[in-house]
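Here is the structure we will look at.
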Amino acid sequence: MNKKLYITTAIPYVNGKPHIGHALDYLLADIWARYQRQNGHEVRFQAGTDEHGNKIAAKAAEAGIEPKAYTDSTYVNFENLMKKVGASYTDFVRTTDPHHMQSVQYIWQKLQPYIYKGSYEGWYCVGCEAFVSDKEAAANNGVCPDHNQPYQRLSEDNYYLKASAFTDKVTEAIKSDQIKIVPEFRKREFLELIKDGLQDVSISRPKKSLSWGIPVPGDPDQVMYVWLDALSNYITVIGYPDQSVWQDYWPADVQVVGKDIMRFHAGLWPAMLLGLGLELPKKLLVHGMINAGGTKMSKTIGNVVEPNQVIDEYGVDAFRYFFSRHIPTLEDGDFTWEKFESAYNTELANDLGNVIQRVAGMITRYQSGVIGEVPEGEHDMTAYHNAMENLEFDKAIDEVWLMIRSLNQYIENVKPWEIAKKVGKESEAEAHLTEVLNNSVGALIQIGDLLVPFLPAVAEKIHRVFKSGSIVATEGVLFPRIYKHTTDPNAPKA
RNA sequence: CGCGGGGUGGAGCAGCCUGGUUAGCUCGGAUGGCUCAUAACCAUCAGGUCGCAAGUUCAAAUCUUGCCCCCGCAACCA
């Protein structure tokens with residue numbers, strides 16, 4: 001009986017368009033999910049959207065519609081992106097779902113022993129009717145740029161979650177890897193951050209300053225603030241607390257988050273779980289940010305890369321390839337169109353696409369497309385599996401390309417085209433040729449297996465071409481070379 | 001002395017923890033080979049004061065100390 005596995009992704013706030021970071025979140029979780037399924041595990045894979053808060057309400061007001069109507073129209077952008085990157089998610093939760101909202105209210109009540117009323121003090125802009133963070137206030141020199149008015153120091157009533165009560169337990173859980181934060185340096189970073197204890201967190205706002213949210217049970221004047229609402233999605237989506245099936249999946253095996261929100265997932269969220277008497281997630285995969293040409297992507301600079309554009313121009317497999325291999329799983333990465341296209345042309349077209357064509361072509365030409373008894377690929381893939389277990393997906397896929405390279409070297413060494421010339425002249429030649437080609441097919445099938453988590457469509461194509469006993473013709477070449485952002489080295493000079 | 005990451009041939013990285021073969025890999029460049037393949041593939045070569053300085057040692061990219069530079073983070077920001 002295989003254990004049922006559960007992986008989660010952060011739920012994005014739906015006031016903007018999906019960006020490349022969301023796509024990365026989805027992709028990393030999907031690679032893990034597919035890998036585990038390939039190994040016989042049942043995997044539940046959550047995704048969703050965060051739909052409450054003032055920014056949403058403001059956007060909706062701008063558009064002259066109700067907040068819910070607004071999120072109804074925008075959340076699909078995120079679900080569509082999931083589909084577009086080929087993410088094999090099983091659940092999609094919206095924080096405006098009735099079940100989620102009811103469950104969060106239940107969670108609030110269950111956390112009562114750790115909730116107290118306090119006051120929140122901060123910089124407030126009357127024009128925005130909102131608090132800004134100290135950081136933002138400082139960055140703007142204490143003056144709201146939108147309203148050209150100085151921020152005021154105000155305080156208001158809030159409910160707080162006593163996260164501080166769980167400092168020791170959370171610290172211990174992280175130190176002992178009960179919650180394993182990957183990579184290791186993020187774990188150290190976070191432990192350092194909380195060495196003076198977890199801070200209590202404000203989890204509500206007065207209704208007058210936050211109208212669009214889940215009502216606080218028993219206090220009509222207060223509405224829940226984002227964190228309690230949003231973080232709860234990880235358990236409400238699998239049925240907590242009313243559908244007992246959630247117990248088959250919780251605790252989550254992996255929770256994928258960006259480094260910017262690690263602290264909430266490593267601090268506040270475990271505190272909430274402990275308060276609820278639930279188990280802690282096993283691993284927190286903290287990935288980095290994607291830069292564009294060495295600098296942060298920003299609308300102002302205009303260097304934002306649209307995941308949809310990448311996929312439309314090069315296909316989903318090319319997208320998955322680049323972001324799983326060339327964006328380091330655990331660190332910041334860098335995207336440029338030149339890098340992307342170069343990886344596409346040299347690695348996908350020249351290496352992988354070509355070797356498939358090469359082997360298929362020889363079998364078609366020398367053996368009329370008939371594939372005989374294919375030996376199991378024997379390449380040692382320990383490094384690949386270790387990397388997968390360690391959540392270093394970029395390292396794992398590197399191994400696949402080492403194997404592609406060695407297949408090319410093998411073909412170069414044994415020279416099947418020379419053996420082919422001897423067929424009919426030397427008695428051993430035909431058997432030898434078959435053996436060589438079948439070895440190549442065996443290697444390709446193994447490569448296909450290893451690509452299943454990363455490039456599922458390509459893996460399927462490889463298997464379709466080589467697994468049926470005779471070559472199945474592909475519709476055109478895999479990964480035709482593309483030159484949109486780089487110059488074709490073979491192009492005739494103008 | 002706030003915390004963390006990093007500075008290795010043109011570019012991007014590995015190696016550092018557990019000092020010791022000619023500092024490894026990919027891209028790019030040059031030359032050659034091959035002709036089965038998407039003018040693809042394979043081989044060879046060029047190119048590095050391993051940020052700077054001092055120290056430990058028979059021996060340091062690798063350990064210690066000091067300094068310089070770059071990048072994140074610095075709690076309610078999704």
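Residue numbers begin at 1 in each chain, while the letters A, B, ... track the order of the sequences. The shown structure was predicted, so the numbers you read here are calculated from the model rather than taken from an experiment. Heavy atoms only: backbone and side chains are in, while hydrogens, waters and symmetry mates are out.
Taking 4.0 Å as the cut-off between side-chain N and carboxylate O, A:Glu347 and A:Arg325 count as a salt-bridged pair. For A:Glu62 and A:Lys59, the salt-bridge test fails: no basic side-chain N is under 4.0 Å from an acidic carboxylate O. A salt bridge links A:Glu192 to A:Lys195: one of the charged nitrogens lies within less than 4.0 Å of a carboxylate oxygen.
To the nearest angstrom, P of B:rU35 lies 20 Å from CG of A:Asn350. To the nearest angstrom, P of B:rG6 lies 13 Å from CG of A:Leu330. Atoms CD (A:Glu412) and C1' (B:rA37) sit 11 Å apart, rounded to a whole Å. Here B:rG28 presents its C1' atom at 14 Å from CD of A:Glu338, a figure rounded to the nearest Å. The distance between atom CD1 of A:Ile404 and atom P of B:rU26, rounded to the nearest whole Å, is 14 Å. When the C1' atom of B:rA37 is taken as reference, atom CG of A:Leu478 falls 13 Å away, rounded to whole Å. Across the protein-nucleic acid pair, A:Ile356 atom CD1 and B:rA37 atom P stand 16 Å apart, rounded to whole Å. To the nearest angstrom, P of B:rA37 lies 20 Å from CG of A:Asn345.
For the pair A:Lys484 and A:Tyr314, the cation sits on the ring face: its NZ or CZ lies under 6.0 Å from the ring centre, inside 45° of the axis.
Taking atom C1' on both nucleotides, B:rC52 is separated from B:rG12 by 24 Å, rounded to a whole Å. Taking the C1' atom of each, B:rG51 and B:rG7 are spaced 6 Å apart, rounded to whole Å. Comparing the P positions of B:rU56 and B:rU62 gives a spacing of 15 Å, expressed to the nearest Å. Nucleotides B:rA23 and B:rG19, compared at atom C1', are 14 Å apart to the nearest Å. The separation of B:rA30 from B:rA46, taken at their P atoms, amounts to 16 Å, rounded to a whole angstrom. Rounded to whole Å, the P atom of B:rC70 lies 32 Å from the corresponding atom of B:rG28. As rounded to the nearest Å, B:rA61 and B:rC76 have P atoms that lie 45 Å from one another. Nucleotides B:rC34 and B:rC25 have their P atoms positioned 25 Å apart, rounded to a whole Å.
Residue A:Asn408 is in sugar-phosphate contact alone, with no base atom involved, counting any heavy-atom pair closer than 4.0 Å across all strands shown. At the heavy-atom level, A:Phe479 lies under 4.0 Å from base atoms of the strands shown. Using a 4.0 Å heavy-atom cutoff across all strands shown, A:Lys259 reaches sugar-phosphate atoms only and no base atom. The residue A:Ala230 sits apart from the nucleic acid: no heavy atom pair falls under 4.0 Å. Here A:Ile203 lies out of heavy-atom contact (under 4.0 Å) with every strand. Across all strands, A:Gly197 comes closer than 4.0 Å to base atoms (heavy-atom distances). Here A:Lys55 lies in heavy-atom contact (under 4.0 Å) with sugar-phosphate atoms only.
You'll find that the side chain of A:Phe185 is closest to B:rG4, out of B:rA78, B:rU38, B:rG4. Relative to the side chain of A:Thr346, the nucleotides B:rG5, B:rC27, B:rC76 differ in distance, and B:rC27 lies closest. Comparing B:rC76, B:rC27, B:rA40 by their closest approach to the side chain of A:Arg481 singles out B:rA40. Closest approach to the A:Gln199 side chain among B:rA78, B:rA75, B:rA37 is made by B:rA75 (side chain taken as heavy atoms from C-beta onward). Listed nucleotides B:rC76, B:rC41, B:rG72 differ in distance to A:Asp351; the shortest reach to its side chain belongs to B:rC41.
Aromatic pair A:Tyr26/A:Tyr89: centroids not less than 6.0 angstrom apart. The distance between the ring centers of A:Tyr234 and A:His265 falls below 6.0 angstrom. Aromatic pair A:His52/A:Tyr225: centroids not less than 6.0 angstrom apart.
Between A:Arg263 and B:rC77 there is no side-chain N or O to OP1 or OP2 distance below 4.0 Å. Residue A:Arg358 has no polar side-chain atom (N or O) positioned under 4.0 Å from OP1 or OP2 of B:rU35. In terms of phosphate contacts, A:Lys339 brings no side-chain nitrogen or oxygen within less than 4.0 Å of OP1 or OP2 of B:rC27. One finds a side-chain N or O of A:Gln357 lying less than 4.0 angstrom from the OP1 or OP2 phosphate oxygen of B:rU38. Taking 4.0 angstrom as the limit, A:Arg188 places a side-chain polar atom (N or O) nearer than this to OP1 or OP2 of B:rG5. Regarding contacts with the backbone of B:rC77, a side-chain N or O of A:Tyr225 is found under 4.0 angstrom from either OP1 or OP2.
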- Message: What verdict does the side chain to side chain donor-acceptor pair (under 3.5 Å) test give for A:Tyr116 and A:Asp200, after you've listed the backbone C-alpha separation in whole Å, the side-chain angles of each residue and the deciding distance to 0.1 Å?
- Response: CA-CA 10 Å; A:Tyr116 65 92; A:Asp200 292 349; 2.6 Å; yes
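Across all strands shown, B:rC34 forms no Watson-Crick or G-U wobble pair with both key distances under 3.5 Å. Pair assignment for B:rC45: B:rG29, on the basis of Watson-Crick or G-U wobble contacts that are both within less than 3.5 Å. Pair check for B:rC58 finds B:rG20; Watson-Crick or G-U wobble, both atom distances under 3.5 Å. Nucleotide B:rG72: paired with B:rC3 (Watson-Crick or G-U wobble, both distances less than 3.5 Å).
Checking A:Glu51 against A:Thr95 by side-chain atom types alone, no donor-acceptor pair falls below 3.5 Å.
When each of A:Glu192 and A:Glu331 is assigned the nucleotide of RNA chain B bearing its nearest heavy atom, the one mapping closer to the 5' terminus is A:Glu192. Of the two residues near RNA chain B, A:Arg405 and A:Tyr13, the one whose nearest nucleotide lies more 5' is A:Arg405.
Between the base of B:rG5 and the side chain of A:Glu189 there is no donor-acceptor pair shorter than 3.5 Å.
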